[in-house]
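Please read the structure below before turning to the comments.
A, B, ... follow the sequence lines: proteins, then strands. Residue 1 opens every chain.
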Number of protein chains: 2
Amino acid sequence: MHRADAGRAALVDYILGLLEQAGHRVTEPRVQLIQAVAAWERQSFTGEDLYAELRPTGLGRATVFRTLRLLQELGVLSRLHLSDGCQRYVVTPPASGHSPEHMDRLICRRCGRVAYLDECPMEDSLARIAQATGYRVDGHHLDIVGLCAECSAAR
Amino acid sequence: MHRADAGRAALVDYILGLLEQAGHRVTEPRVQLIQAVAAWERQSFTGEDLYAELRPTGLGRATVFRTLRLLQELGVLSRLHLSDGCQRYVVTPPASGHSPEHMDRLICRRCGRVAYLDECPMEDSLARIAQATGYRVDGHHLDIVGLCAECSAAR
DNA sequence: TACTTGTTGATACTAAGTCTCACTAACACA
DNA sequence: TGTGTTAGTGAGACTTAGTATCAACAAGTA
């Protein structure tokens, strides 16, 4: 088994664990979908991508989107907000400290690859911003857009 | 004329100016729509809000959305990317240094009011992030979510 | 094994736009 | 001040990205 496959299998198990913990059933269609999602790793994908991939196995459209929603609620998946729409999803790495309320990402606008920042670049600024504006800040979402090293080199 | 009205009129003129500069025609429907948009000021609104408001005057659905798209292209309008969807629009203040490629905002999750940060809190971090990740960074989008002073007080 | 209840797929529906097309009206020029 | 060209318009059909409904099914429990 390859390194990456082992990582993916661990991700699948992790997600299935979350699912059970939250009181949901582990069903065949969910396992299939979660495996497909894990295979995308740091690459973003659309609901249609996933449906096209899984439809041949008999999965229904509703199940795909229902499960995507469930995975978002579990914090496993998040959406990319790009200038041309918000229909792309990406796996949020477990235990990275990222959640729907706190997200710091780098997105490659050419290949769609997503990297998560280890350190929040705004840690220090948030208190100051709250002070200056009177807002009670409870989350933030930072998307940095550019070209990843590979895509930059490919030019 | 009130202060706010004067500001709005100036905003309308500014947007109409941009429109002309970009080689577009200044038409009655566009003037109406831009006036309506300017009246929302820092409050966010949906395409449907605007259509409901303008439909009685005879404006068509297509024109509303077409013009919203045009205003986004001109950098006058941007979308809000919230967890419950991305269908809200807000005026980007002219000459604030904000553009689709560089956006630092505070959004009130209760009333939808939007404030733009005067200073980019990531100025210093971006070079370091580019260095650390190998990305060629060419823009970012920061949305800080919370409660504005009024909404915080109203609790 | 039977029961209960969550989950599924088919299908109809919706929200938020987008496209097409015949018609209209800005603006440039005579 | 008309006139022609072409961008812009409204009506309405269509599309995309889901969501709702519902009868059939299957997971876990008794």
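- Checked by atom type, the side-chain pair Tyr89(A)/Arg79(A) shows a donor-acceptor distance below 3.5 Å.
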* Could you encode protein contacts along nucleotides 25-30 of chain C as a string, one character per nucleotide from 5' to 3', using B for base contact, S for sugar-phosphate-only contact and - for no contact, with a heavy-atom cut-off of under 4.0 Å? => BBS---

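- At a threshold of 4.5 Å between non-hydrogen side-chain atoms, the residues Asp104(A) and His98(A) count as touching.
- Counting only N and O atoms by type, the side chains of Thr57(B) and Gln32(B) include a donor and acceptor under 3.5 Å apart.
- At whole-Å resolution of the value, CG in Leu33(A) and P in dG9(C) are 10 Å apart.
- Within a heavy-atom distance below 4.0 Å of DNA chain C, the residues of residues 51-63 of chain B found are Arg61(B), Ala62(B).
- Nucleotides of DNA chain D that come within less than 4.0 Å of any heavy atom of chain B span, from the 5' end to the 3' end, dT6(D) to dG12(D).
- For the pair His140(A) (side chain) and Met122(A) (backbone), a donor-acceptor distance under 3.5 Å is absent.
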* To do: Could you give me the CA-CA distance, side-chain angles and deciding distance for His81(A) and His141(B), then say whether ring pair (Phe, Tyr, Trp, His ring centres under 6.0 Å) is met?
  => CA-CA 9 Å; His81(A) 302 287; His141(B) 186 120; 8.2 Å; no

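- No engagement by Arg88(B) is indicated, since no non-hydrogen atom pair under 4.0 Å with the nucleic acid exists.
- Put simply, the side chain of Thr46(A) reaches to within 4.5 Å of the side chain of Asp49(A), judged on heavy atoms.
- Under 3.5 Å, the side chain of Arg66(A) and the base of dG9(C) form at least one donor-acceptor pair of N or O atoms.
- With a 4.5 Å cut-off on side-chain heavy atoms, Thr67(A) and Pro29(A) do not count as touching.
- Using a 4.5 Å cut-off on side-chain heavy atoms (C-beta onward), Arg109(B) and Leu147(B) make contact.
- Look at CD on Gln32(A): it is 11 Å from P on dT8(C), rounded to the nearest Å.
- For Glu48(B) and Arg61(B), the salt-bridge test passes: some basic side-chain N is under 4.0 Å from an acidic carboxylate O.
- Taking atom CZ of residue Phe45(B) and atom C1' of nucleotide dG17(C), one finds them 15 Å apart after rounding to whole Å.
- Atom CD of Gln87(B) and atom C1' of dT14(C) are 13 Å apart (whole Å).
- A salt bridge between Arg128(B) and Glu119(A) is absent, with no side-chain N of the basic residue lying under 4.0 Å from a carboxylate O of the acidic one.
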* Residues Arg105(B), Ser78(B); criterion side-chain hydrogen bond (donor to acceptor under 3.5 Å, both in side chains); working and verdict -> CA-CA 11 Å; Arg105(B) 301 190 290 210; Ser78(B) 61; 2.8 Å; yes

